[in-house]
Amino acid sequence: LVGRSMLDASTLDEMEELLYTADLGPAAASVAADLRAANKAGTVKTGEDVEPFLREKLGEIMGTQVEPLRIAGKPFVLLVCGVNGSGKTTSIAKLAKHLKGEGHKVMLAACDTFRAAAVEQLTVWADRLDMPIVKRETGADPSGLAFDAAARARDEDIDVLIVDTAGRLHTQKNLMAELEKIRRVLGKAIPGAPHEVLLILDGTTGQNAIAQAKEFSAAVDVTGLMVTKLDGTARGGALVTIRQELKLPVRFLGLGESADDIERFEPAAFLEALFQ
Amino acid sequence: SLSQRLRKVVSGLAGRGKLSESNMQDGLAEIRAALLEADVHFRVAKDLVERVEQAAIGAKILESVSAGEQLVKIFHDELVALMQAPDDEPIAFAKGRPTVLLMAGLQGAGKTTTSAKLAVHLRNDKKRKPLLVAADIQRPAAVDQLQQLGKQIDIPVFHVAGEAPERLASLAVAEAKRTGRDTVIIDTAGRLHIDEGLMAELGRVKSAVNPDTTFLVCDAMTGQDAVRSAQAFVETLPLDGVILTKLDGDSRGGAALSVRHVTGAPVRYAGWGEKVEDLQPFHADRLVSRVLG
Ligand SMILES: Nc1nc2c(ncn2[C@@H]2O[C@H](COP(=O)(O)OP(=O)(O)OP(=O)(O)O)[C@@H](O)[C@H]2O)c(=O)[nH]1
Ligand SMILES: Nc1nc2c(ncn2[C@@H]2O[C@H](COP(=O)(O)OP(=O)(O)OP(=O)(O)O)[C@@H](O)[C@H]2O)c(=O)[nH]1
Ligand SMILES: [Mg+2]
Ligand SMILES: [Mg+2]
């Protein structure tokens, strides 16, 4: 959006549409209102004033801090959770490869013992990445397996243990209780574990992402977020409201289906992509 | 809820419940806000609000005492009319040859699980003899996943190692003819609508077996992107119906309205859970109540 000509109503409407269609939700309403007010007040006059204004407004919400995942403690235990199909298992492959590349000895725990072929899916990744995986047959108790995996990670000199869990909707009380139990049990096996509880959010999800972040946080004290599938046309704007209301660190973005398709989250780059 | 919000708009004025032109506009703004909160696409929300306005003007509700209530009812009825599936059967069963069903959609929408659910429903409720086809050859253990589901439900799963999806589809139809299976359900890999290679692959599968019914499997929590992806899918292959999944969550499901409005494809089934029995015929009024909050 460039040009020195005066802003007209249809351009302002277009900007409002851009904000909404990026899934900003309530933030779209307030930022669009700010834009119209600024235009009326004369502080935003032309086409080329718009994007810097929006970036500044959204930047105030997103902040400028990068809050990367810091590996401390051994074994560092990373518990991965999220709703069905959000990209947990694939994201674990990406995280594992990334961490192995940084020199850490990584182990995987296939604690989705519910879904058909979930263990097989993670096993394919473990084999491709040449790393140990702790698993059991489908139907096994996930917390029992989590406990054993943590004990093995400690005994086998592992630096990072990544625990995969079954997809679950935050509306399913019993499944959220199961996740809470997995978290507690990890702490019993290794004091301080899990050191990171990473919630995987599907970047194509709309306003429900906010409810997911709230409910998962309440159930298992989420310490970090990863947003997947932003290699499509979805912009992941729900992150703005999540940032506003929960202040959870965003660690990574998922940008594809291979183990290399991961990027550290960086607020300015994220906002830039919103306007693509 | 929207009714409460509209009631507030209407009650804040003189004339005990009569709607003026200006608070009709406030009422319409509330409706638009409710649609956007429910993940309905920005432009679809605009179109729907205009429709409601026309219907409200046509119904001359401004003169009535219960205008606020009437506005909600008009809105509700417009949405139900939009979402109502036509009276015909969701699946056009072929005569004298296997019926071919194609499942398509974005990554993680629920295609594989829904393929199994549909197979169970068609066997149990429609007395069909389904054959599932594992045509996702790229996701790790995708074939395994469908094969395990097939075992659970005692429905055969067709797969041949090393064959491309379009070839698998043709071979499966031949297998169905040979073994007396009358309905072929083809599970495909999740794909991005902007992935030209994968969209072309889907086109090749369609050309190879000419599906009788193609379903877009859509996650009920999808946001504004639902329109972009649905539009792109419908450019590659005709979409006969939509299956909305994960309705057992608390997402409002506005994406379904957007997809229907933009592609014309009716929602035929709803996924209400992870088990194979968790598939129901779609009820427009249930979804509309959910969208209206
Ligand atoms: N395009 C794209 N696809 C992704 C991304 N992350 C995951 N996927 C795909 O999304 C689908 C679901 O990924 P999974 O890793 O199985 O998701 P999950 O959360 O483990 O799923 P459940 O265990 O069944 O709940 C797969 O087809 C992945 O390849 C991403 O960043 N971009
Ligand atoms: N709660 C709930 N979960 C569902 C529903 N439908 C599918 N799932 C779950 O969603 C996740 C993804 O389902 P899949 O069937 O693997 O999705 P897919 O579209 O085949 O995924 P890709 O092949 O990777 O594109 C799994 O964990 C399923 O069990 C539903 O209606 N409700
Ligand atoms: Mg998984
Ligand atoms: Mg699948």
Side-chain angles (χ1 to χ4, degrees), chain A residues 13 16-26 28-29 83-90 93 114-128 138 166-172 175 202-209 211-212 215 228-229 231-238 256-257, chain B residues 33 36-43 45-46 106-113 116 138-152 189-195 219-229 232 245-255 258 271 273-274 276:
Chain A
D13 287 348
E16 182 178 26
E17 176 167 347
L18 184 140
L19 293 168
Y20 269 108
T21 56
D23 285 312
L24 257 68
V83 303
N84 307 73
S86 58
K88 297 176 291 301
T89 305
T90 310
F114 169 75
R115 206 207 69 210
V119 174
E120 289 83 343
Q121 184 186 1
L122 191 62
T123 302
V124 170
W125 285 115
D127 292 345
R128 285 181 188 177
T138 300
R168 69 203 66 226
L169 299 179
H170 50 284
T171 46
Q172 296 163 318
L175 295 185
D202 184 328
T204 65
T205 297
Q207 299 309 300
N208 198 252
Q212 292 173 25
E215 301 290 328
T228 62
K229 309 181 195 172
D231 47 314
T233 49
R235 293 278 160 267
E257 302 191 68
Chain B
L36 291 169
E37 277 166 34
D39 288 327
V40 174
H41 189 270
F42 186 84
R43 291 218 188 140
K46 230 176 181 211
L106 297 178
Q107 289 90 345
K111 297 173 293 300
T112 304
T113 310
Q138 62 186 50
R139 168 173 152 156
V143 172
D144 219 326
Q145 184 183 3
L146 193 62
Q147 286 173 333
Q148 287 189 20
L149 288 170
K151 276 212 183 65
Q152 283 177 29
R191 66 203 64 222
L192 291 178
H193 52 287
I194 55 169
D195 187 325
D219 190 328
M221 62 183 97
T222 308
Q224 300 280 312
D225 200 55
V227 160
R228 286 184 284 253
S229 54
T245 62
K246 306 177 204 172
L247 279 166
D248 46 319
D250 60 2
S251 67
R252 301 276 290 281
S258 309
E274 288 190 84
V276 283

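Side chains are part of it too, since the values below use all heavy atoms of this structure and drop only hydrogens, waters and symmetry mates. A note on names: the letters A, B, ... follow the listed sequences, proteins ahead of strands, and every chain is numbered from 1.
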> Of all residues at least two apart in sequence or in a different chain, which pass the ring-ring contact (aromatic ring centres under 6.0 Å, His included) check with Phe114(A)?
Replying inline: none
>> Given heavy-atom pairs under 4.5 angstrom as the criterion, report whether the side chain, backbone, both or neither of Asp144(B) touches chain A.
In response: both
>> So for Arg252(B), is it side chain, backbone, both, or neither that comes closer than 4.5 Å to the heavy atoms of chain A?
In response: neither
>> Is Asp195(B) close to chain A through its backbone or its side chain, or both, or neither, when contacts mean heavy atoms under 4.5 Å?
In response: neither
> Gln138(B) versus Glu257(A): any side-chain heavy-atom pair under 4.5 Å?
Replying inline: yes
> Hey, which of Ala116(A), Ala28(A), Gly85(A) has the most heavy atom pairs under 4.5 Å with chain B?
Replying inline: Ala116(A)
> With Thr205(A), which residues qualify under side chain to side chain contact (heavy atoms under 4.5 Å, CB included), at least two apart?
Replying inline: Asp202(A), Asn208(A), Ala209(A), Gln212(A), Met221(B)
> Just how far is it from atom OG1 of Thr113(B) to atom CG of Asn84(A), taken to the nearest 0.5 Å?
Replying inline: 8.5 Å
>> Determine whether a donor-acceptor pair (N or O, by modelled atom type, separation under 3.5 Å) exists between the side chain of Gln145(B) and the backbone of Ala117(A).
In response: no
> What residue in Thr233(A), Val124(A), Thr228(A) has the most heavy-atom pairs under 4.5 Å with chain B?
Replying inline: Thr233(A)
> In terms of heavy-atom pairs under 4.5 Å with chain A, which of Glu37(B), Arg139(B), Gln147(B) leads?
Replying inline: Arg139(B)
>> Rounded at 0.5 Å granularity, tell me how far CG in Leu18(A) sits from CZ in Phe42(B).
In response: 10.0 Å
>> Rounded to the nearest 0.5 Å, what separates atom CG in Asp250(B) from atom CD in Gln207(A)?
In response: 12.5 Å
> How many angstroms lie between atom CG of Asp231(A) and atom CG of Leu192(B), to the nearest 0.5 angstrom?
Replying inline: 5.0 Å
>> With a 4.5 angstrom heavy-atom cut-off, is it the side chain or the backbone of Glu274(B) that approaches chain A, or both, or neither?
In response: side chain
> How many angstroms lie between CD in Gln172(A) and CG in Asp248(B), if you round to the nearest 0.5 Å?
Replying inline: 5.5 Å
> Looking only at side chains, do Thr21(A) and His41(B) share a donor and an acceptor under 3.5 Å apart?
Replying inline: no
